[in-house]
Each structure stands twice: as C-alpha cells, then as structure tokens.
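Please read all numbers here as calculations on a predicted model, not as lab measurements.
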Amino acid sequence: MKYKMLKLIAGAMFTPAMLMAADNKKPNIIYILADDLGYGDVGCYGQKLIETPNIDKLAANGMRFTQHYSGAPVSAPSRCVLLTGKHMGHSYIRGNDEWAERGKVWDYRAMLADSTLEGQRPLPDNEVTFPQLLKTAGYTTGIVGKWGLGAPNTNSTPLHKGFDFFYGYNCQRQAHTYYPVHLYKNDHRVYLKNDTVEPTTLLAPGADPYNLKSYEKFTLKEYSCDLMFKEMTGFVSENRNRPFFMYWATTIPHVPIQAPQRWVDYYVKKFGDEKPYLGEKSYFPQRYPHAGYAAMVSYLDEQIGLLVQQLKNLGLYENTLIIFTSDNGPTYNGGSDSPWFNSGGPFKSEFGWGKGFTHEGGFRVPMIASWPGQIKPGSVSQHISAFWDVLPTMCELTGIKIPQNTDGISFLPELKGQKQKEHNYLYWEFPETGGQQAVRMGKWKAIRQNISKGNLKIELYNLEADLQELTDVSAKYPEIVKKMEQIMVAEHVPAVQEIFKMKALGD
C-alpha cells in the first residue's frame, strides 16, 4: 500500500531501489581487509597461538566462510579484483607493478623528495569500482589503510576512484615500514614525527642481537596503524547519520614485524625467549619475531573490538554489515614464520605454497560476515566464492543494478540464508613467480606453473581428498584436465600492460 501511494505522489521519479529504501534504512558497510593474513591465523579458523577474541566474536555473531578466495596471491592485483569485480583473466592490474620506468621508485629518500615516484601503476579512467557505484546509491565512502592501485598526481588515487575520504599509504612500498615519514589525507601528504629508516636497514655493525637496545632505531614516534584507526573511527562518527561504506585496508600483519610494545611483551611472556630475526630475508630485524607477529594480529583484533563497541555506542551496530577477510595468504619473509604458527591452517604456507602462489595457501582466505538480525549467528558457509563476488554483492545489497561486465555472483542470498546461485568454476592467473594459472571447479583444482618457461602442463588435485595439493591426479582424469584447459583458454584475455603478458599463452 505504501509503495502505491509513493508511486501516485511521485510517479516515475521513484526507482525500485528508492521505493525499497523508503521502507528499509540502507545498511552501513565496513569491509576489513587484512594484509597477508593466513587462513589459519585467527582463532575461529583454528589458530592456537595467537589470540583473536574479537574476530572470533564476529564469527560467533555472524557467518564464517570456509571456501572464500582472494582475487590474487599478492596485494595490488587482489585489490584490483576486489574493487572492480573482474577476475585476473580480465583485470587491468595482474601483479605488483611498481611502475619502475619512472625512476628510483625503491629509493625512499628519492620518493620523499619527489611524490611522482610514489605509488603503483594506475587504473585507467574508465575502470569503475564498486565504491563509485555505492556513491550513486547515496553512500558516503571512505578508505583507511593501504591503496596500492595508483600514484599521487594521477587519476587513480582513492578520491578519483569512488572514495570521499582517504587516510593512509598511497604507495604499498612505503607501507614496508609502520613508522613512515608521511601518510596521505585525501590527496595531500601529512608529515609525521618519524625519520626515514629504509626497510632494508640492518642492525649496526657489532650490535648485540639479543639486546633490545640494538633495535631502538626501528621504533619511532608515530605508529601508522594508531593514526589510521583514529581517522577511521572519526569517519564513522562523522557519518553516523547517513549510510556509509568504510574500506579498512589495514597493513597488518604484512611485514616488517613492528607492533606496540605492550602486545610484544604479552607474547614474549606467553612464548618465552626466541632467536632474533636479523633481516636475512629482507625488511627490518626483530628481537622477538614470533611474539612480534602475534602482537600485530592481536593488536588488529583489539582494534576491531573497539570499532564494534563504537558502532554499538552510536546505535549503528544493528544496521551495519561487517566483512572481515585478507588480501592473500601468509608470507614467507621478513621474519614471519608461517609454519610455526600454522598460518595456512589445513594448507601448506611456506615459500612456494603461500603468498605469491596459486596453491590454496596462497589465496584461500578467512572471510567472516556479521550483520545482526540479517545473518544467522554462528553459521558456517561452504559456498565457493571470491573477491570478484563482492561488487555484485554490494550492488544487490544497496539496490544498484549489477554491471554486466562483472565476473562475480552476489553472495547476499547466502548471507541471508536464501537460495544461492553457484559458480561453475573460479579462475585465476598470475604472471609473477614463474607465471601461473589456476581453476577451482567443484572438488577439482587445476594449476599451471612456470608458464614463463613455456610449461603448459596442467596439474590436477582433488581437494576433497588432498587439501594440501600433494598428489597430482591429472593422468587419471584426462577429461577433467581437458575441461580445465578449455576454461583457462576461455577466461584468459591478454593483458594490456606488457609486464603482465604471458607469451606461452599467446599474448
């Protein structure tokens, strides 16, 4: 009856989405993206050493996905897939491209003097992100954390790609220290009370690696995650009276291992003494690498608890969808020790299996969705989904027409316990670490490795019987291999940028 009255009053001026909004207040949306957090790094996914009570509470109050995949096994392409809804065979950014032809892009002092050396290769002007679509539905949009999809002075900064507010690292290389000289607020630098300590800096010659004083130069005055969290909670407070979307792209727990001392002390007491990390696998040395890594994850967990409490204090919690996930699997460098923590959970996570690789440990990630009154508390979903599904999900959630050029399928029905459409398969390609392709089709997983060396052999794994992908059964199932090969051919469109092309695929 109410809908009919609105139509009579306003005629065709009211769209179906507007009519829906008249009865239902649009939900706020907070998307939390951890950086290099493994499938098994949080308690509700089996972690035994690191304490994550607030993340676990999100799962207890919402839905935990067991078969969710990131867009890629490394940062920049994964974020591109997330925001554009296109898998790696169609996406513009397909690797961590630092746009090196500009000059000294890895020289931190050069970047400090010249902002045009910061950032990564930009997205083209015609590449549409889902925050841009959310703005058409009346959302105020913000991002806090790491961008990594453009550079200052280009049309691919957050403010040009759908965000009303940005605070954090424009450049993912500069996120290799948690004590940067500057961050960005919108399109302008904000200088901090820190000096430039390049991420390759080691202990002073002759320094005692077991003495904490030897590490003092790596802990400066302003910790970026403290500053970013303050800006994010400020955004939430300022926009409490209008629908908002917040993309919290935290840098935790990406190395270097730098964490608040109180949390490090907590885990030193819990784990006991340990061998220092001296920087032999890049990034900064760390006196207590295990304690430091655990400290970073628990610090993030603590912040998530504070954010949830803020939402409750403001009366926003009941009308806020919170999604928590990670951009790819756990790393192998910088003093991190994925096998020690069992960061991959049921999957292998050491070099060759975690970050940077298309094995399950490289991009099957935790994903939790919490939305009081809409998502059944304590529910577990085995729905097979991926980052390219987020764009259509956000569109369906907010009453926006889903673009035709997305590779995704909305998982909103799954969140609400309704009939869910399934993917026939998921596809990835990754031109780095030798060149790779991967397909997930039901219980089957196909992988091509070392494509850059001309290898086109397809490995086949039965994930129901072999989660760690140890037994190649391609010889037993030639018909499945043939189907996987057809998918790899059909889903691969040659990359625009030369750096992402794979010659063996005909690019």
Side-chain angles (χ1 to χ4, degrees), residues 24-35 37 41-45 52-66 68 70 82-83 130-131 134 139-145 163 165 225 228-229 231-240 242-250 252 297-327 365-381 383 385 387 389-391 393-398 410-417:
N24 302 294
K25 184 180 179 184
K26 293 178 180 178
N28 303 307
I29 308 164
I30 298 176
Y31 190 92
I32 306 171
L33 185 69
D35 198 339
L37 183 84
D41 268 336
V42 295
C44 57
Y45 282 85
T52 57
N54 295 296
I55 296 171
D56 299 344
K57 192 175 293 184
L58 281 181
N61 293 331
M63 179 177 288
R64 180 171 62 87
F65 283 66
T66 62
H68 187 68
S70 68
L82 171 69
L83 292 179
F130 76 78
L134 288 179
Y139 276 77
T140 300
T141 57
I143 169 176
V144 167
F163 292 97
F165 176 78
C225 291
M228 293 187 292
F229 184 73
E231 291 288 341
M232 182 184 64
T233 55
F235 175 90
V236 170
S237 181
E238 290 170 11
N239 293 284
R240 61 186 179 274
R242 61 176 69 92
F244 65 80
F245 168 70
M246 166 50 63
Y247 172 32
W248 182 10
T250 177
I252 291 176
V297 177
S298 284
Y299 167 80
L300 172 60
D301 179 82
E302 178 184 48
Q303 288 187 321
I304 289 172
L306 293 171
L307 173 63
V308 169
Q309 189 58 54
Q310 180 193 23
L311 295 171
K312 292 178 178 179
N313 293 343
L314 294 174
L316 301 175
Y317 178 67
E318 300 293 329
N319 192 44
T320 301
L321 168 62
I322 302 173
I323 295 178
F324 171 84
T325 189
S326 176
D327 66 343
V365 291
M367 203 271 265
I368 299 166
S370 174
W371 187 8
Q374 300 289 333
I375 298 175
K376 182 181 178 181
S379 52
V380 178
S381 172
H383 172 59
S385 56
F387 273 19
D389 295 328
V390 174
L391 182 147
T393 302
M394 295 295 129
C395 288
E396 185 176 9
L397 176 68
T398 57
S410 169
F411 53 75
L412 182 62
E414 185 74 3
L415 297 181
K416 293 192 169 187

Peer 1: So how far is it from Ile323 CD1 to Leu58 CG, rounded to the nearest 0.5 Å?
Peer 2: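 Taking CD1 in Ile323 and CG in Leu58, the distance rounds to 11.0 Å.
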Peer 1: Over all heavy atoms of both residues, which pair between Cys44 and Asp56 is shortest? Give the atoms and the distance, please.
Peer 2: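 Distance-wise, the nearest heavy atoms are N-OD1, 2.8 Å.
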Peer 1: Once you round to the nearest 0.5 Å, how far does CG of Asn61 lie from NZ of Lys376?
Peer 2: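 The NZ atom of Lys376 is 14.0 Å from CG of Asn61, to the nearest 0.5 Å.
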Peer 1: Do Glu414 and Phe65 make a side-chain contact, defined as non-hydrogen atoms from C-beta onward lying under 4.5 Å apart?
Peer 2: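 The answer is yes; the side chains approach within 4.5 Å.
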Peer 1: Do Met232 and Gln303 come close enough that some side-chain heavy atom pair is under 4.5 Å?
Peer 2: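 No; the side chains remain at least 4.5 Å from each other.
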Peer 1: Using the ring-ring contact (aromatic ring centres under 6.0 Å, His included) definition, which of the options Phe163, Tyr139, Phe245 pairs with Phe130?
Peer 2: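 The passing option is Phe245.
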Peer 1: What's the shortest heavy-atom distance between Pro366 and Thr325, and which atoms?
Peer 2: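 Between these two residues, the closest heavy atoms are O-OG1, 2.7 Å.
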Peer 1: Using a 4.5 Å cut-off on heavy atoms from C-beta on, say whether the side chain of Ile32 contacts that of Ile368.
Peer 2: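 Side chain of Ile368 against side chain of Ile32, heavy atoms only: no contact under 4.5 Å found.
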Peer 1: Go through the steps for Phe411 and Met367 under the test side-chain contact (heavy atoms from CB on, under 4.5 Å), then give the verdict.
Peer 2: CA-CA 12 Å; Phe411 53 75; Met367 203 271 265; 3.8 Å; yes
Peer 1: Does Leu37 form a side-chain contact (heavy atoms from CB on, under 4.5 Å) with Phe324? I'd like the steps, not just the answer.
Peer 2: CA-CA 11 Å; Leu37 183 84; Phe324 171 84; 3.5 Å; yes
Peer 1: Do Ser370 and Lys57 touch side chain to side chain, with heavy atoms closer than 4.5 Å?
Peer 2: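 Side-chain contact under 4.5 Å: no.
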Peer 1: Nearest heavy-atom pair of Lys26 and Pro243: which atoms, and what distance?
Peer 2: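 Heavy atoms of Lys26 and Pro243 come nearest at CB-CB, 4.1 Å.
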Peer 1: Using the side chain to side chain contact (heavy atoms under 4.5 Å, CB included) criterion, which residues pair with Lys416? Sequence neighbours excluded.
Peer 2: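 If we apply the side chain to side chain contact (heavy atoms under 4.5 Å, CB included) test to Lys416, skipping adjacent residues, the hits are Trp371, Gln374, Leu412, Gln418.
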Peer 1: Closer than 3.5 angstrom, by distance alone: can the side chain of Thr66 be matched with the main-chain N or O of Ser381 as a donor-acceptor pair?
Peer 2: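 Looks like yes, one N/O pair under 3.5 Å.
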Peer 1: Kindly indicate, with the supporting measurements, whether the criterion side-chain contact (heavy atoms from CB on, under 4.5 Å) is fulfilled by Leu415 and Met63.
Peer 2: CA-CA 7 Å; Leu415 297 181; Met63 179 177 288; 4.2 Å; yes
Peer 1: Where does the angle between the aromatic ring planes of Phe229 and Trp248 fall among parallel (under 30°), tilted (30 to 60°) and perpendicular (over 60°)?
Peer 2: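 Ring orientation, 0 to 90° scale: tilted.
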Peer 1: Heavy atoms only: give me the nearest Arg240-Leu316 pair and the separation to one decimal.
Peer 2: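 Arg240 and Leu316 have their closest heavy atoms at O-CD2, 3.4 Å.
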Peer 1: If you round to the nearest 0.5 Å, how far is OG of Ser410 from CG of Leu391?
Peer 2: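 Output value for this atom pair is 10.0 Å.
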Peer 1: Between Thr52 and Gly43, which heavy-atom pair has the shortest distance, and what is it?
Peer 2: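 What the structure gives for the nearest pair is OG1-N, 2.8 Å.
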Peer 1: Is there side-chain contact between Pro131 and Tyr247, with heavy atoms separated by less than 4.5 Å?
Peer 2: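 No; the side chains remain at least 4.5 Å from each other.
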Peer 1: Step by step, work out the side-chain contact (heavy atoms from CB on, under 4.5 Å) result for Lys312 and Gln309.
Peer 2: CA-CA 5 Å; Lys312 292 178 178 179; Gln309 189 58 54; 4.2 Å; yes
Peer 1: Would you compute the distance between atom CD1 of Ile375 and atom CD1 of Ile322 and round it to the nearest 0.5 angstrom?
Peer 2: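 Between Ile375 CD1 and Ile322 CD1, I get 10.0 Å after rounding to 0.5 Å.
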Peer 1: Calculate, to the nearest 0.5 Å, the distance between atoms CD1 and CE belonging to Ile143 and Met228 respectively.
Peer 2: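 Here the interatomic distance stands at 10.0 Å.
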Peer 1: Within the 4.5 Å heavy-atom criterion, are Asn28 and Leu321 side-chain neighbours or not?
Peer 2: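 No, their side chains stay 4.5 Å or more apart.
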Peer 1: Only counting residues at least two apart or in another chain, list the ones meeting side chain to side chain contact (heavy atoms under 4.5 Å, CB included) with Gln310.
Peer 2: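 Side chain to side chain contact (heavy atoms under 4.5 Å, CB included) list for Gln310, sorted by chain: Thr233, Val236, Ser237, Leu307, Leu314.
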Peer 1: So which heavy atom on Pro372 is nearest to which on Thr320, and how close?
Peer 2: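 In terms of heavy atoms, the two residues are closest at CD-O, 4.0 Å.
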Peer 1: How far does CG of Leu306 sit from CG of Leu311, to the nearest 0.5 angstrom?
Peer 2: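 That separation rounds to 11.0 Å.
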Peer 1: Not counting sequence neighbours, which residues clear side chain to side chain contact (heavy atoms under 4.5 Å, CB included) with Asn239? List them please.
Peer 2: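 Counting only residues at least two positions away or on another chain, Asn239 forms a side chain to side chain contact (heavy atoms under 4.5 Å, CB included) with Thr140, Phe235, Arg242, Phe244.
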